[in-house]
There are 2 protein chains.
Amino acid sequence: MGAQPSDTAPHKNPTLADVAAAAGVSIATASKALSNRYDVAETTKVRVLEAAEELSFSPNLLARGLLGGRTQSVGIITSDLEGRFSLPIMMGAEGAMAADRSTVLLSNSRGNPELELQHAKALLSRRVDGLLLVGDTPEPRPPLRLQTVVPVVYVYAPSQDPADTSFVCDNAASAKLATERLIGAGRRAIVHLGGPAQSLAAIDRAEGTRLAAAAAGLELIGGAPAMGDWHETWGWSSVHRLLDEANEFDALVCGNDQIARGAMDALEARGLRVPGDVALIGFDNWSVLCADVRRPFSSVDLNLDGLGRAAIQTLITPGAPVAGIHKLSGLIVDRGSIE
Amino acid sequence: MGAQPSDTAPHKNPTLADVAAAAGVSIATASKALSNRYDVAETTKVRVLEAAEELSFSPNLLARGLLGGRTQSVGIITSDLEGRFSLPIMMGAEGAMAADRSTVLLSNSRGNPELELQHAKALLSRRVDGLLLVGDTPEPRPPLRLQTVVPVVYVYAPSQDPADTSFVCDNAASAKLATERLIGAGRRAIVHLGGPAQSLAAIDRAEGTRLAAAAAGLELIGGAPAMGDWHETWGWSSVHRLLDEANEFDALVCGNDQIARGAMDALEARGLRVPGDVALIGFDNWSVLCADVRRPFSSVDLNLDGLGRAAIQTLITPGAPVAGIHKLSGLIVDRGSIE
DNA sequence: CTGAAAGCGCTTACAG
DNA sequence: CTGAAAGCGCTTACAG
């Protein structure tokens, strides 16, 4: 009795003081033994470690964070309800963080700038070391209207302010890559079935296709990319139209996998073989459409996971992030629909 | 000079002391004015509020959390890489949290129990008020091997320990609902195209279908649910087989939307109309398969968002959560493929 | 190698 | 209505 370790109250986390008492050392020494960054006698260190283990000691990171240093956490605000694009980005980011023993604080702004601002403030109140703003379209967005002492990085949707740091997909370069691949496989009569003419992603992908064709001295069938919408039906009806109008074509670059899927179905319905008669490539590499299906097809993977990782790297690396828009190119996942 | 508000260092968050100094009051009074929970003179309150606004004061929640109360945050550990099921659950959870001015700390265990444990400890070190463990299959899982002072709730994959609290989808009840709907629409010759015979989700969905049919005095075509896998090809080939073997059927209950999609395609290929000749319903309500397509079809929505909300409610409600497995039923989203 | 003390930024009894 | 003081759980110079 007397100098005994105090009985910890039933539902309370043990503190460093409890560990120190159990090990018969001062709090300072216990702290040093645990941190492994100061000279502590080996036997003392062992005693402290055992005591900590015994008590299931879990250091209070709030206290540590309060000491002024970094909290080893970043806040991610996603604007995407569907998660179609943001999920892989988030997972990449989380993976990069976890490898660093850091944590992600997640919020969903639901595309609402007011809510985004509110969440940003809340995350900053928790003293995150940085903020990742994940958009759901490639259109540049207004910057966060908030002074922050920690860095902010925009992902997928870049900030309109060139002084900010943004990471985005290079849709044009990726489409070029896909088209070059088709041309490399001997295709000459290429059609681009694009998304909506107002969508920047659709425009960039169409332009990338056109540029790659032009570089090979080719003009797209129809004279220009055919812009429509993002749905299967557009791919389906476009192929029927092309065939009905007796267009000759041997390759289809589709603006996304849904269009590609519609096109695949139409080609099958008309008795054409892929890639025998027509080569085809989609965009987004969404497995439910291009991999996990009756007739898999090749697709451009935008490497969203890598985008998230890259953004986090930049965010948690000490020093101000490099300003400007960083574009990351995708890569082709081949499933035999090209050649 | 002298009693002037100190010039805040360039890259540092203002503290309550800064606000108090700017407003010419003590820290205690500034705190009370901001918290709005104590008697403070109206004019004083206004001065403090203005000072806080002026300095863009953002209270340090780490400090507040350190005072021993709750941190207004929960940790979510998801085991699902794909996010197919966990994303809607997470979004539901996040929504329920945000409405409460709380924050989500997110980790991904990638289905690895060791990593899960590690992440749980890390989150607990950040003193979250509770832990949500989101699985990716309905199979019961071993409980987290960790003593926690805060509540733990399992979602989607229940804990094997009945003393734990779990929230899961009621696959059987949902399949019953779907089948009853078909029967209500006058269908009598029902086929169930199920997932893998080893999958609990597939088994429950099949059993729910069988029970609903039996309750109406019907036996499933083929005598029992047909179990296969989760892919389109299985739906596609099953329908061809049924027709080749001259089975008579007027309704298809599919174990998921991919099977349903394959079945839809086969029915079309064989010249049958939906729902004219055959009614069809899928499972999961995955819009890329059942809504956003050439021929939309009805599907069971498992209300994963609601599952996430319910779990969070339980988690953040003071008092120990009710032990046991709470089952939530889905609902039918009709797109005209039933009648 | 060890420990007493100050301090991170707040909140909350407790006096006045 | 206001403020001085203690304290939440840690870390880090600073003495010894």
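Since this is a predicted model, take the numbers as computed values, not measurements. All chains are named by letter (A, B, ...) in the order of the sequence lines, taking the proteins before the strands, and each is independently numbered beginning at 1.
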### Query
Which part of the nucleic acid does B:Ile27 contact within heavy-atom distance under 4.0 Å: base, sugar-phosphate only, or nothing?
base
### Message
For A:Asp129 and A:Thr71, which I'm curious about, is there any donor-acceptor pair between the side chains at under 3.5 Å?
### Response
yes
### Query
Using the benzene-type ring in the case of Trp, are the ring centres of A:Phe85 and A:Tyr156 under 6.0 Å apart?
yes
### Task
Could you run through DNA chain D and flag its stems, i.e. three or more consecutive Watson-Crick or G-U pairs with both distances under 3.5 Å?
C:1-3 with D:14-16, C:5-12 with D:5-12, C:14-16 with D:1-3
### Query
Of A:Arg141, A:Arg145, A:Lys121, which meets side-chain hydrogen bond (donor to acceptor under 3.5 Å, both in side chains) against A:Glu116?
A:Arg141
### Query
Can you list, by residue number, the residues of residues 37-44 of chain A that have a non-hydrogen atom closer than 4.0 angstrom to DNA chain C?
A:Asp39, A:Val40, A:Ala41, A:Thr44
### Query
For A:Gln72, which residues count as a side-chain hydrogen bond (donor to acceptor under 3.5 Å, both in side chains) partner, sequence neighbours excluded?
none
### Message
By nearest heavy atom, map B:Arg127 and B:Lys32 onto DNA chain D; which one lands nearer the 5' end?
### Response
B:Lys32
Hey, can you pull the donor-acceptor pairs under 3.5 Å for the side chains in residues 313-321 of chain A, sequence neighbours left out?
unit_1: A:Thr314; atom_1: OG1; unit_2: A:Ala310; atom_2: O; d: 3.1
unit_1: A:Thr317; atom_1: OG1; unit_2: A:Gln313; atom_2: O; d: 2.5

### Greater than 12 external heavy atoms within 6.0 Å of B:Gln160's CD
yes
### Message
Is it true that, when you exclude A:Glu54 itself, more than 12 heavy atoms of the residues, nucleotides or ligands shown sit nearer than 6.0 Å to its CD?
### Response
no
Show me the side-chain donor-acceptor pairs of residues 87-100 of chain B shorter than 3.5 Å, one per line, residues at least two apart or across chains.
unit_1: B:Glu94; atom_1: OE1; unit_2: A:Arg110; atom_2: NH1; d: 3.3
unit_1: B:Glu94; atom_1: OE2; unit_2: A:Asn108; atom_2: N; d: 3.0

#### Entry: Span of DNA chain C in contact with chain B (heavy atoms, under 4.0 Å)
C:dG9 to C:dA13
### Message
Tell me the closest heavy-atom pair linking B:Thr165 and B:His326, and the distance in Å.
### Response
CG2-CE1, 3.8 Å
### Query
With the threshold set at 4.0 Å, does a side-chain nitrogen-carboxylate oxygen contact exist between A:Glu50 and A:Lys45?
no
